[in-house]
Chemist: 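Dropping a structure here in structure tokens format, bear with me for questions.
Both backbone and side-chain heavy atoms feed into the values below; hydrogens, waters and symmetry mates do not. Heads up: numbering here begins at 1 and tracks the sequence.
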Amino acid sequence: MTIIKKSQSEVILFDNLEPEAAAMVLALYSRDPRSVRQHLERVAEVGAGKFMSQYYVGYGHKSIGDCGSTTICAEHVSMLDAKAVQQNPLYNGQEASTRYLDMTTQAVLNPLGTVQGEQIQMRWMSLYVRALTELVPYLTEKYPRLDTDKPEVYAKAIKAKAFDIARAFLPAGCTTFVGWHTNLRQAWDHIRDMMFHPLQEVRDVARTMLANLKEKYPNSFGFKTYAEQDEYLNKCSALEYFDLDQSPLFWSTHRFSKDDRLQKVLVGRPQKTELPDWTNRYGQIQFRFLLDFGSFRDIQRHRSCTQVMPLLTTRHGFNNWYIDSLPAELREHVQANLSDQEVELRTIEDPIIRQYYVAMGYNVACEVTAGLPSAVYIAELRSGQTVHPTLRLVAQDMGRTLRNIFPEMALHCDFTPDEWSTARGRHDIVKKEV
């Protein structure tokens, strides 16, 4: 045994290896207590592929896959498929934003393959195109540019506001792009679940993902499957979607404990400072509410809470905010079309397939279960002025609920009404000028 007087700690950073090789290098820590520098030298000598082939992991520990990561992109998939990719508490990634992008030229899926299905989708997209066309001049007149507004920022802000409204008419079958950065273990776990999803599209995309991963990372995706597990996963997938017979405007229940330790962290918390993770031990709160599917797509990206996938249906009505935001003549046209579309949608018998033909402005029944840090974070972040107005209302209700439960807590929600601002015109990714 060697006794030293002070720490000889060292920090070593490397990111130049293939994911599987990086995972194996770290795995060797558990069986070979030498510096990673020596393992990296070995990889450099023989190459990553040969290095991997020299080792057999005999104890079947899936945590090795946690140490290698990859990025998977699914393109031209439906909004429903994108949500299935993201329906994972460990998801990291991005999706094309309907709040900033013109979706006019995006393909729209018609899984029924019928003329009726095509006509339903075409009518939705026609409403979307017309709404965008009329909203830009309407909003420009409603919110005239100030002398202090930069023209390019103002123009982007007007367009963003138009996208916020018009997206209500996009059917869930409209295609999008979604990227997923994950470690190898989580990729297998989630893709395995997706392969039993109620939607055929999701199952097909999952199989394609798995085939690509097996080809690129053959040492990490050779897992055995078992019939009884497949049967169980298939049974669970049939319970994937959530809906409610009654339509709660907003409902919550909670079970929290309190003590002096919690009191100390609740009082005086600065803005944009998250509660310590250990405060999860004090309990959970569950919210149920109606929210349009477009804004559900925003809140669903929060990974610190548990959310169930709502069934997209017309039964809870079209969110009034979108209707009220339209110019009068367009409003009448939309309302007449909504009635016609709903008649057509009722003829599609399968409620799972019907979702492709339902526009994202329709309300869905949402359920969010969260610990205290997550609930506070969501309520504060999503109550901000640049958040979509329909989601802001829900976040404000969350904030009021938390304030009633913990009146002593420093809560930094924005409870002010929506105000016009060009701030979103600056929320962009642009190429730097050289």
Chemist: Taking CD in Glu344 as the centre, count heavy atoms belonging to other residues, nucleotides or ligands within less than 6.0 Å. Is the count above 12?
Modeler: yes
Chemist: Under 3.5 Å, side chain of Tyr138 to main-chain N/O of Ala162, donor-acceptor pair present?
Modeler: no
Chemist: Under a 3.5 Å cutoff, is there a donor and acceptor pairing between the side chains of Ser295 and Arg167?
Modeler: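 The criterion, which ignores hydrogens and geometry beyond distance, is satisfied for Arg167 and Ser295.
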Chemist: If you compare all heavy atoms of Thr273 against all heavy atoms of Arg269, which two are closest, and at what distance to 0.1 Å?
Modeler: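 Heavy atoms of Thr273 and Arg269 come nearest at O-NH1, 2.6 Å.
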Chemist: Can you name the one residue among Arg288, Met398, Gln396 that meets side-chain contact (heavy atoms from CB on, under 4.5 Å) with Phe250?
Modeler: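 Result for side-chain contact (heavy atoms from CB on, under 4.5 Å) with Phe250: Met398.
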Chemist: Where do Thr314 and Glu342 land on the side-chain hydrogen bond (donor to acceptor under 3.5 Å, both in side chains) test, with the steps shown first?
Modeler: CA-CA 7 Å; Thr314 60; Glu342 288 171 15; 5.3 Å; no
Chemist: Tell me, do Met309 and Phe242 make a side-chain contact under 4.5 Å, heavy atoms counted?
Modeler: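 Met309 does not reach Phe242 side chain to side chain.
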Chemist: Within the distance-only criterion (no hydrogens, no angle test), does the side chain of Ser383 pair as donor or acceptor with the backbone N or O of Asp414 below 3.5 angstrom?
Modeler: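 At least one qualifying donor-acceptor pair exists.
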Chemist: Assess whether side chain to side chain contact (heavy atoms under 4.5 Å, CB included) is satisfied between Arg203 and Arg207, documenting all intermediate values.
Modeler: CA-CA 6 Å; Arg203 298 195 296 271; Arg207 291 189 182 97; 3.6 Å; yes
Chemist: Rounded at 0.5 Å granularity, tell me how far OH in Tyr128 sits from CE in Met360.
Modeler: 8.5 Å
Chemist: Side-chain contact test, heavy atoms from C-beta onward, threshold under 4.5 Å: evaluate it for Lys161 versus Trp420 and give yes or no.
Modeler: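 Yes, close enough: below the 4.5 Å cut-off.
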Chemist: Output the distance between atom OG (Ser69) and atom CG (Leu184), rounded to the nearest 0.5 Å.
Modeler: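 Reported value, rounded in 0.5 Å steps: 7.0 Å.
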Chemist: For Lys216, does the NZ atom have more than 12 heavy-atom neighbours from other residues, nucleotides or ligands under 6.0 Å away?
Modeler: no
Chemist: Hey, what do you get for NE2 (His254) to CD1 (Ile405), rounding to the nearest 0.5 Å?
Modeler: 4.0 Å
Chemist: Given the side-chain rings of Phe163 and Tyr100, with only the six-membered ring counted for Trp, is the space between their centroids under 6.0 Å?
Modeler: no
Chemist: Taking the ring of Phe318 and the ring of Tyr362, is the distance between their centroids below 6.0 Å?
Modeler: yes
Chemist: Which pair of non-hydrogen atoms, one from Gly399 and one from Phe415, has the smallest distance, and what is that distance?
Modeler: C-CZ, 4.0 Å
Chemist: With a 3.5 Å cut-off and no angle check, do the side chains of Asp259 and Gln263 form a donor-acceptor pair?
Modeler: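 Note: Asp259 and Gln263 side chains miss the donor-acceptor criterion.
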Chemist: Here's a test for you: under side-chain contact (heavy atoms from CB on, under 4.5 Å), which of Leu109, Leu312, Asn110 qualifies with Tyr356?
Modeler: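 Answer after filtering Leu109, Leu312, Asn110: Leu109.
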Chemist: Calculate, to the nearest 0.5 Å, the distance between atoms NE2 and CG belonging to His197 and Asp81 respectively.
Modeler: 8.0 Å
Chemist: Going by heavy atoms in the side chains, are Leu290 and Val364 under 4.5 Å from each other?
Modeler: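 Leu290 does not reach Val364 side chain to side chain.
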Chemist: When you look at Thr71 and His181, which way does the side-chain hydrogen bond (donor to acceptor under 3.5 Å, both in side chains) test go after all the steps?
Modeler: CA-CA 4 Å; Thr71 300; His181 186 78; 2.7 Å; yes
Chemist: Using a 3.5 Å distance criterion without hydrogens, assess whether the side chain of Ser374 forms a donor-acceptor pair with backbone atoms of Ala370.
Modeler: no
Chemist: Taking all atoms of both residues into account, what is the closest heavy-atom pair of Ala375 and Ile285, and its distance?
Modeler: CB-CG2, 3.8 Å
Chemist: Any carboxylate oxygen within less than 4.0 angstrom of a Lys/Arg side-chain nitrogen, looking at Arg297 and Glu95?
Modeler: yes
Chemist: Between Pro310 and Gln355, which heavy-atom pair has the shortest distance, and what is it?
Modeler: O-OE1, 4.0 Å
Chemist: Just by modelled atom types, is the Tyr357 backbone N or O under 3.5 Å from a matching donor or acceptor in the Trp124 side chain?
Modeler: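 Checking the backbone N and O of Tyr357 against the side chain of Trp124, a donor-acceptor pair under 3.5 Å is found.
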Chemist: Are the charged groups of Asp324 and Arg331 less than 4.0 angstrom apart, N to O?
Modeler: no
Chemist: Would you say the ring centers of His316 and Phe289 fall short of 6.0 Å from each other?
Modeler: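 When the ring centroids of His316 and Phe289 are compared, they turn out to be at least 6.0 Å apart.
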Chemist: May I have the step-by-step check of side chain to side chain contact (heavy atoms under 4.5 Å, CB included) for Lys156 and Arg426, ending in yes or no?
Modeler: CA-CA 8 Å; Lys156 286 182 179 180; Arg426 296 187 292 274; over 6 Å; no
Chemist: Run Val265 and Leu262 through side chain to side chain contact (heavy atoms under 4.5 Å, CB included) and show every step you take.
Modeler: CA-CA 5 Å; Val265 301; Leu262 178 62; 4.0 Å; yes
Chemist: Is the closest basic N to carboxylate O distance between Asp230 and Arg192 below 4.0 Å?
Modeler: yes
Chemist: For the pair Arg354 and Glu349, find out whether any cationic side-chain nitrogen is under 4.0 Å from an anionic carboxylate oxygen.
Modeler: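 No salt bridge links Arg354 with Glu349.
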Chemist: Would you check if the distance from the ring center of Phe256 to the ring center of Phe406 is below 6.0 Å?
Modeler: yes
Chemist: Begin from the C-alpha positions of Phe177 and Val77 and carry the test side chain to side chain contact (heavy atoms under 4.5 Å, CB included) through to its verdict.
Modeler: CA-CA 7 Å; Phe177 302 80; Val77 297; over 6 Å; no
Chemist: Would Arg261 count as a cation-pi partner of Trp278, with NZ or CZ less than 6.0 Å from the six-membered ring centre and within 45° of the ring normal?
Modeler: yes
Chemist: Under a 4.5 Å cut-off applied to non-hydrogen side-chain atoms, are Leu146 and Asp149 in contact?
Modeler: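 Yes, at least one pair of side-chain atoms sits under 4.5 Å.
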Chemist: Going through the distances and angles, do His388 and Arg382 end up as a side-chain hydrogen bond (donor to acceptor under 3.5 Å, both in side chains)?
Modeler: CA-CA 8 Å; His388 194 281; Arg382 294 298 180 176; over 6 Å; no
Chemist: Looking at Asp102 and Lys159, does any basic side-chain N land under 4.0 Å from a carboxylate oxygen?
Modeler: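 Answer for the salt bridge query: no.
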Chemist: Counting C-beta onward and ignoring hydrogens, is there a side-chain heavy-atom pair between His412 and Pro270 closer than 4.5 Å?
Modeler: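 The answer is no, as the side chains (C-beta and beyond) never meet within the 4.5 Å cut-off.
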Chemist: Between Arg315 and Asp243, is there a side-chain N and carboxylate O pair less than 4.0 Å apart?
Modeler: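 A salt bridge links Arg315 with Asp243.
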Chemist: Could you tell me whether the side chain of Gln86 reaches within less than 4.5 Å of the side chain of Gln300, counting heavy atoms only?
Modeler: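 In short, these two side chains touch, coming nearer than 4.5 Å.
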Chemist: Do Leu326 and Leu135 come close enough that some side-chain heavy atom pair is under 4.5 Å?
Modeler: yes
Chemist: Indicate whether any N or O donor in one side chain lies under 3.5 Å from an N or O acceptor in the other, for Thr390 and Asn319.
Modeler: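 Side chains of Thr390 and Asn319: no pair found under 3.5 Å.
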Chemist: Hey, are Tyr217 and Thr70 close enough side-chain-wise for a donor-acceptor pair under 3.5 Å?
Modeler: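 Yes, side-chain donor-acceptor contact under 3.5 Å.
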Chemist: Using a distance-only test with no angle check, is there a side-chain donor-acceptor pair under 3.5 angstrom linking Ser421 and Gln385?
Modeler: no
Chemist: How far does OG1 of Thr225 sit from CE of Met195, to the nearest 0.5 angstrom?
Modeler: 8.0 Å
Chemist: Check whether more than 12 heavy atoms from other residues, nucleotides or ligands sit under 6.0 Å from atom OH of Tyr241, and answer yes or no.
Modeler: yes
Chemist: Tell me whether Arg303 contacts the main-chain N or O of Leu90 through its side chain, where contact means a donor paired with an acceptor under 3.5 Å.
Modeler: no
Chemist: Minimum heavy-atom separation for Thr369 and Gln284, please, with both atom names.
Modeler: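 The answer is CG2-OE1, 3.6 Å.
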Chemist: Without hydrogens or angle criteria, can the side chains of Gln106 and Thr176 be said to hold a donor-acceptor pair below 3.5 Å?
Modeler: no
Chemist: Can you establish whether the number of heavy atoms outside Gln94 located under 6.0 Å from its atom CD is more than 12?
Modeler: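 No, the 6.0 Å shell around CD holds no more than 12 heavy atoms from other groups.
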Chemist: Is there a side-chain contact between Thr313 and Asn363 in this structure, where contact means two heavy atoms from C-beta onward sitting under 4.5 Å apart?
Modeler: no
Chemist: Measure across Pro198 and Glu240 and return the closest heavy-atom pair with its distance rounded to 0.1 Å.
Modeler: CG-CB, 3.8 Å
Chemist: Please round to the nearest 0.5 Å and tell me the distance separating atom CE of Met209 and atom NE2 of His190.
Modeler: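 The CE atom of Met209 sits 8.0 Å away from the NE2 atom of His190.
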